[in-house]
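Because the structure is a prediction, the values reported are computed rather than measured. A, B, ... follow the sequence lines: proteins, then strands. Residue 1 opens every chain.
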2 protein chains.
Amino acid sequence: MPQKMNPSISDRTRQKIIRTTEKLFAEKGFRAMTLRDVTREAKVNLAAVNYHFGSKSKLILEVIRDRIEPINEERLKRLDQLIEQYASKPVPVNAIFDSLFRPLFESNGTGSGPNPALIQMIGRAFTEPADFMRGMHRDLFRDLTQRYLAELHRSCPDMTIETLQYRFFLSISTMLGATIDQVILENLSESKLGPRNYDRVVAELINYASAGFEQSAK
Amino acid sequence: MPQKMNPSISDRTRQKIIRTTEKLFAEKGFRAMTLRDVTREAKVNLAAVNYHFGSKSKLILEVIRDRIEPINEERLKRLDQLIEQYASKPVPVNAIFDSLFRPLFESNGTGSGPNPALIQMIGRAFTEPADFMRGMHRDLFRDLTQRYLAELHRSCPDMTIETLQYRFFLSISTMLGATIDQVILENLSESKLGPRNYDRVVAELINYASAGFEQSAK
DNA sequence: GTCTATAGAACGATAGAC
DNA sequence: GTCTATCGTTCTATAGAC
């Protein structure tokens with residue numbers, strides 16, 4: 001039976017599988033990422049995946065869950081800090097989006113700066129059409145969404161709930177698009193936007209989404 | 001040898017394959033969409049796909065290309081109309097985005113109103129990680145992108161080229177996110193945003209992207 | 001916990017009759 | 001142009017030795 005309580009033993013195998021899964025799922029999606037790919041690149045035995053994780057589905061679900069949960073915790077932590085900081089006054093929209101977007105792009109999972117594979121993997125997890133993903137979306141994001149919608153409503157009290165939901169959805173879409181494939185960005189721009197300048201990407205994303213959400217211009 | 005010149009003969013088989021491919025690729029992506037699925041649902045023989053299209057890859061490339069090209073033509077037609085309409089003055093950003101987004105959501109491919117499967121398929125085509133898609137992205141969108149970037153530059157002369165590219169990329173991301181999966185939207189909103197209210201989606205999308213792009217608020 | 005070997009199923013593609 | 005039948009490949013998953 002796989003044990004999850006003692007990380008000091010040699011579940012280096014486990015960790016190698018997780019890291020390689022993250023990378024290959026980000027690049028290729030669920031169906032195109034084969035266990036043979038993963039085990040070959042991680043330099044572990046093919047049978048190790050089923051021993052440690054039970055199945056391919058359970059592997060990918062566990063990897064995604066393990067990566068997203070700390071990010072969502074960090075998001076809520078920052079949101080709470082903002083609410084405290086602004087006392088009872090509404091938090092500015094761009095500060096709310098900062099707390100929502102930045103933890104994703106700063107997340108590493110290993111402890112050393114932004115992790116492109118992880119960022120891309122989370123975008124992929126959202127657009128992955130495999131059936132077994134549906135339930136996970138709800139589990140991981142329902143409460144978070146309600147929390148952010150409530151806070152945005154407090155900041156934009158004149159906006160109808162429906163409009164608020166539409167614009168929040170568009171903001172999430174923008175964030176996901178910025179994570180999935182920077183190759184598209186390179187193709188579209190024919191410029192040097194690609195090389196993982198996440199500081200700039202995050203800053204642009206927060207400004208863009210805030211302006212789009214509030215639309216005080218029009 | 002498959003013939004493409006005479007649509008009056010019975011390539012009803014061809015058409016049934018194309019429509020079913022569109023639907024299943026939109027739902028499941030390239031790898032998870034099997035030819036057995038397609039031919040079963042289209043009620044044609046399994047061997048018909050290879051007879052008419054040569055291979056699974058050629059099938060999906062042909063379907064995507066046939067659907068996207070008319071949309072891109074319509075986009076450029078509307079953009080030209082705007083330029084004429086505004087004489088030599090810069091075209092407002094929201095009008096530019098209108099010409100870019102609306103043809104996608106109004107596209108049908110069959111001649112009768114918005115086609116959800118087609119809209120979703122185009123979003124899927126962008127996020128599809130399969131290797132053989134890369135070249136197609138560039139073929140179909142490089143010129144279009146350059147054209148729109150040039151026009152947006154004329155409307156926002158004070159914006160640096162780099163910023164312009166970043167924000168245009170974010171606008172494309174927003175559009176794609178709005179096409180791919182309305183199930184996510186339903187999960188996130190727990191509301192009745194889902195039922196294909198494309199008029200509302202397009203209007204919100206254009207306003208959102210225009211405001212995000214210009215950011216005259218901040 | 002790691003390995004080899006393989007079962008069992010599904011896939012894309014094609015040969016050949018009609 | 002449509003069909004049946006099947007080849008060859010690749011996949012997930014597992015049995016069993018070490």
Side-chain angles (χ1 to χ4, degrees), chain A residues 1-25 27-64 124 128-133, chain B residues 1-25 27-64 124 128-133:
Chain A
M1 188 179 296
Q3 58 184 30
K4 305 176 70 171
M5 306 313 291
N6 192 342
S8 66
I9 302 256
S10 174
D11 22 33
R12 243 182 317 188
T13 297
R14 255 186 88 92
Q15 287 306 315
K16 282 194 286 188
I17 292 172
I18 288 175
R19 262 197 291 276
T20 310
T21 297
E22 189 176 285
K23 171 166 175 281
L24 292 181
F25 175 73
E27 288 173 2
K28 307 165 107 178
F30 178 69
R31 295 291 289 252
M33 178 201 82
T34 72
L35 296 183
R36 283 176 163 80
D37 284 342
V38 172
T39 51
R40 192 185 314 118
E41 186 158 332
K43 288 170 185 156
V44 302
N45 190 273
L46 173 61
V49 169
N50 278 285
Y51 175 78
H52 285 282
F53 297 91
S55 74
K56 186 184 176 185
S57 302
K58 287 178 186 166
L59 165 65
I60 196 67
L61 286 175
E62 187 165 327
V63 171
I64 291 173
R124 194 67 76 192
E128 173 59 50
D131 293 337
F132 67 91
M133 292 289 209
Chain B
M1 189 178 296
Q3 58 182 30
K4 303 176 69 172
M5 305 313 291
N6 192 342
S8 66
I9 303 256
S10 173
D11 20 35
R12 242 181 317 188
T13 296
R14 257 185 86 92
Q15 287 307 314
K16 282 194 287 189
I17 292 172
I18 288 175
R19 263 197 291 275
T20 309
T21 298
E22 189 176 284
K23 171 168 174 278
L24 293 181
F25 175 73
E27 289 173 3
K28 308 164 105 177
F30 180 69
R31 295 292 289 251
M33 178 202 82
T34 72
L35 295 184
R36 285 175 165 80
D37 283 342
V38 172
T39 52
R40 192 185 313 117
E41 186 158 331
K43 288 169 185 158
V44 302
N45 189 272
L46 173 60
V49 169
N50 277 286
Y51 175 78
H52 284 282
F53 298 91
S55 73
K56 186 184 177 185
S57 302
K58 286 178 186 166
L59 165 66
I60 196 67
L61 285 174
E62 187 165 327
V63 171
I64 292 173
R124 192 69 74 191
E128 172 60 51
D131 292 338
F132 65 91
M133 292 288 213

Between [atom2] of [N] and [atom1] of [X], the distance in whole Å:
| X | N | atom1 | atom2 | answer |
| --- | --- | --- | --- | --- |
| B:K16 | D:dT2 | NZ | P | 8 Å |
| A:K43 | C:dC3 | NZ | C1' | 18 Å |
| A:I17 | C:dT2 | CD1 | C1' | 11 Å |

Note to self: So, applying side-chain contact (heavy atoms from CB on, under 4.5 Å) with B:T21, which one of B:V38, B:L35, B:T39 is it?
What the structure shows: B:V38
Checklist line | Contacts of type salt bridge (Lys or Arg N to Asp or Glu O under 4.0 Å), residue A:R40, not counting sequence neighbours | finding: A:D37
Next item on the list: Using the test side chain to side chain donor-acceptor pair (under 3.5 Å), find all partners of A:E27 that sit at least two apart in sequence or belong to another chain.
Entry: none
Margin query: On a heavy-atom basis, which atom in B:N50 and which in B:S55 lie closest, and how many Å separate them?
Written below: OD1-CA, 3.5 Å
Check: Honestly, is B:K56 close enough over B:F30, meaning NZ or CZ under 6.0 Å from the six-membered ring centre and within 45° of the axis?
Finding: yes
Note to self: Could you tell me if A:R14 sits above the aromatic ring of A:F53, with its cationic atom closer than 6.0 Å to the ring centre and no more than 45 degrees from the axis?
What the structure shows: yes
Margin query: Please encode protein proximity along nucleotides 4-12 of chain C as a string of B, S and -, counting only heavy-atom distances under 4.0 Å.
Written below: B------BB
Notebook entry, point to check: Would you say D:dT2 has OP1 or OP2 under 4.0 Å from some side-chain N or O of B:T13?
Noted result: yes
